[in-house]
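Contents: one structure, followed by commentary.
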Amino acid sequence: MFATGMSIANASMTMQMALDYFPVKQVVYMGIAGAVNPAWQPGDVIVPARWYYHDESVYANPDPANPGQSVLPEYYAKFMQEQPARKAADPHYPNYKPFAFIHPDEVLIIKDGMDKPQDTAYFSASARLLDAAEKAMNAMPAQMILEQRQAKLHVGGNGVTGSVFLDNREYRKWTREVFNAEVTEMESAAIGQVCTVNDVDWVIIRAISDLAGGQEGVNVEHIYDKEVSRVGANVLFAVMDELAKAN
């Protein structure tokens with residue numbers, strides 16, 4: 001067990017170092033996150049099936065000849081032309097649209113078996129580990145948050161990752177519309193990318209600490225982070241116990 005550090009660069013660096021130095025066969029990762037889906041509240045725990053980068057993007061100038069449009073680089077125009085066919089072939093493909101001058105893009109990956117880099121919209125957690133998480137969470141006793149409410153525990157759906165502490169209501173709505181996101185945070189897609197490239201099974205547990213800008217006034221993350229980390233850790237150990245039984 002080790003800490004990755006905060007954000008994409010630290011998470012990807014420490015994950016790759018772990019795989020380089022230790023005989024890791026599966027990864028169970030836990031941290032806190034902001035809720036994107038308004039159904040979730042601080043203390044709930046989500047184990048998404050897929051992780052997307054929300055800020056892999058093009059920042060474009062406005063097009064003076066076409067108000068409301070942007071001047072886009074040629075490679076991005078080609079990328080957008082591919083969208084209808086890709087979306088028709090994949091029910092989990094994003095509903096790409098710009099947020100002001102920000103135009104969403106995808107990360108390129110390459111691994112054994114590929115002859116060239118490939119645009120990748122998302123990374124999927126391992127089905128075996130998602131199943132173990134669901135079994136573990138279904139068997140857990142009630143998890144109370146500050147003795148006020150019982151935490152909801154959920155497996156499935158989408159999470160988004162970016163190098164920002166997301167605390168903006170409109171951008172939060174945009175990530176829900178584009179990626180159908182349940183939660184947002186700063187490491188998970190990077191963990192998923194490194195594990196995918198190295199062919200290592202992985203799953204990520206996220207405890208909700210705040211509403212990612214959906215709240216009124218100051219973000220409440222500082223109130224909940226310790227308490228929801230406790231619940232997230234309880235889920236983590238329950239999942240590890242479930243995996244130990246399976247082995």
Measuring from atom OG of S163 to atom CD of E56, what distance do you get when rounded to the nearest 0.5 angstrom?
9.5 Å
Quick one: does any side-chain atom of R176 pair with a main-chain N or O of A181 as donor and acceptor, under 3.5 Å?
yes
NZ/NE/NH1/NH2 to OD/OE distance under 4.0 Å, E182 and R206
no
With distance as the sole criterion, is a donor-acceptor pair present between the side chains of N180 and Y52 under 3.5 Å?
no
Is E106 salt-bridged to R86, going by a charged N under 4.0 Å from an acidic O?
yes
Hydrophobic cluster identity match, V203 and F22, side-chain contacts under 4.5 Å
no
Quick one: do V155 and V235 end up in the same hydrophobic cluster if we chain Ile, Leu, Val, Met, Phe, Trp and Tyr together by side-chain heavy atoms under 4.5 Å apart?
yes
Can we say R128 and D201 salt-bridge, meaning some charged N sits less than 4.0 Å from an Asp/Glu carboxylate O?
yes
So, for P117 and I110, which heavy atoms are closest and what is the spacing to 0.1 Å?
N-CD1, 3.8 Å
Just to verify, which of Y59, Y171, F179 counts as forming a ring-ring contact (aromatic ring centres under 6.0 Å, His included) with F99?
Y171
Starting from L236, can I reach M137 by hopping between I/L/V/M/F/W/Y residues whose side chains sit under 4.5 Å apart?
yes
For a quick check under 3.5 Å, do E187 and N10 share a side-chain donor-acceptor pair by atom type?
no
Has the side chain of S57 got a donor or acceptor atom that lies under 3.5 Å from a matching backbone atom of D55?
yes
Steps toward ring-ring contact (aromatic ring centres under 6.0 Å, His included) verdict (F2, Y29):
CA-CA 10 Å; F2 61 94; Y29 187 97; 8.5 Å; no
Is it true that K111 and N198 share a donor-acceptor pair across their side chains at a distance under 3.5 Å?
no
Quick check: do W174 and V36 have side-chain heavy atoms less than 4.5 Å from each other?
no
Specify the closest pair of heavy atoms between P48 and V183, including all atoms of both residues, with the distance to one decimal.
CG-CG2, 4.1 Å
Under 3.5 Å side-chain donor-acceptor pair for Q16 and D20
yes
Passing candidate, side-chain contact (heavy atoms from CB on, under 4.5 Å) with T14, options V194, I191, T4
T4
Checking N234 against M140 for the side chain to side chain contact (heavy atoms under 4.5 Å, CB included) test, could you report, in this order, the C-alpha distance in whole Å, the side-chain angles of both residues, the deciding distance, and whether it holds?
CA-CA 9 Å; N234 289 344; M140 290 181 69; 3.9 Å; yes
Going from CG on N37 to CD1 on I46, what distance comes out if it is rounded to the nearest 0.5 angstrom?
8.0 Å
SG of C195 to CD of Q26, rounded to nearest 0.5 Å, is 10.5 Å
Taking NZ, NE, NH1 and NH2 as the nitrogens, is one of them in E82 or K78 under 4.0 Å from a carboxylate oxygen of the other?
yes
May I ask you to check whether H154 and W40 place their ring centers less than 6.0 Å from one another?
yes
Counting only N and O atoms by type, is there a donor-acceptor contact under 3.5 Å from the side chain of E185 to the main-chain atoms of S188?
yes
Keeping the roles fixed (side chain from R230, backbone from I145), state whether a donor-acceptor pair exists under 3.5 Å.
no
Could you tell me whether the side chains of H54 and T161 share a donor-acceptor contact shorter than 3.5 Å?
no
Exactly one candidate in K152, R149, Q143 meets side chain to side chain donor-acceptor pair (under 3.5 Å) with D44; the answer is R149
Any donor-acceptor pair under 3.5 Å linking the side chain of N138 with the backbone of E134?
yes
Side chain E227, main chain L146, donor-acceptor under 3.5 Å
yes
Check the pair V200 / K25 against side chain to side chain contact (heavy atoms under 4.5 Å, CB included), numbers first and verdict last.
CA-CA 6 Å; V200 172; K25 295 183 179 178; over 6 Å; no
Atom of A133, atom of V47 and distance for their closest heavy-atom approach:
CB-CG1, 4.2 Å
Heavy-atom closest pair (M15 atom, V27 atom, distance to 0.1 Å) is CE-CG2, 3.7 Å
T120 side chain vs L108 backbone, donor-acceptor pair below 3.5 Å:
no
Here the gap from L130 atom CG to W202 atom CH2, rounded to the nearest 0.5 Å, amounts to 8.0 Å
Do the non-hydrogen side-chain atoms of D241 and V239 ever get within less than 4.5 Å of each other?
no
Connected via hydrophobic side-chain network under 4.5 Å: M80 and F101:
yes
Cluster check L243, M1: I/L/V/M/F/W/Y, side chain < 4.5 angstrom
yes
Which pair of heavy atoms, one from A60 and one from H103, lies closest together, and at what distance?
CB-CD2, 3.8 Å
Could you tell me whether the side chain of W51 reaches within less than 4.5 Å of the side chain of T196, counting heavy atoms only?
no
Exercise: identify the closest heavy-atom pair between A18 and V24:
O-CG2, 3.9 Å
Can you label the angle between the Y96 ring and the F79 ring as parallel, tilted or perpendicular, going by 30° and 60°?
tilted
Partner of T175 by side-chain contact (heavy atoms from CB on, under 4.5 Å), out of T184, N158, L166:
L166
Taking atom CG of N95 and atom CD of Q83, what is their separation to the nearest 0.5 Å?
10.5 Å
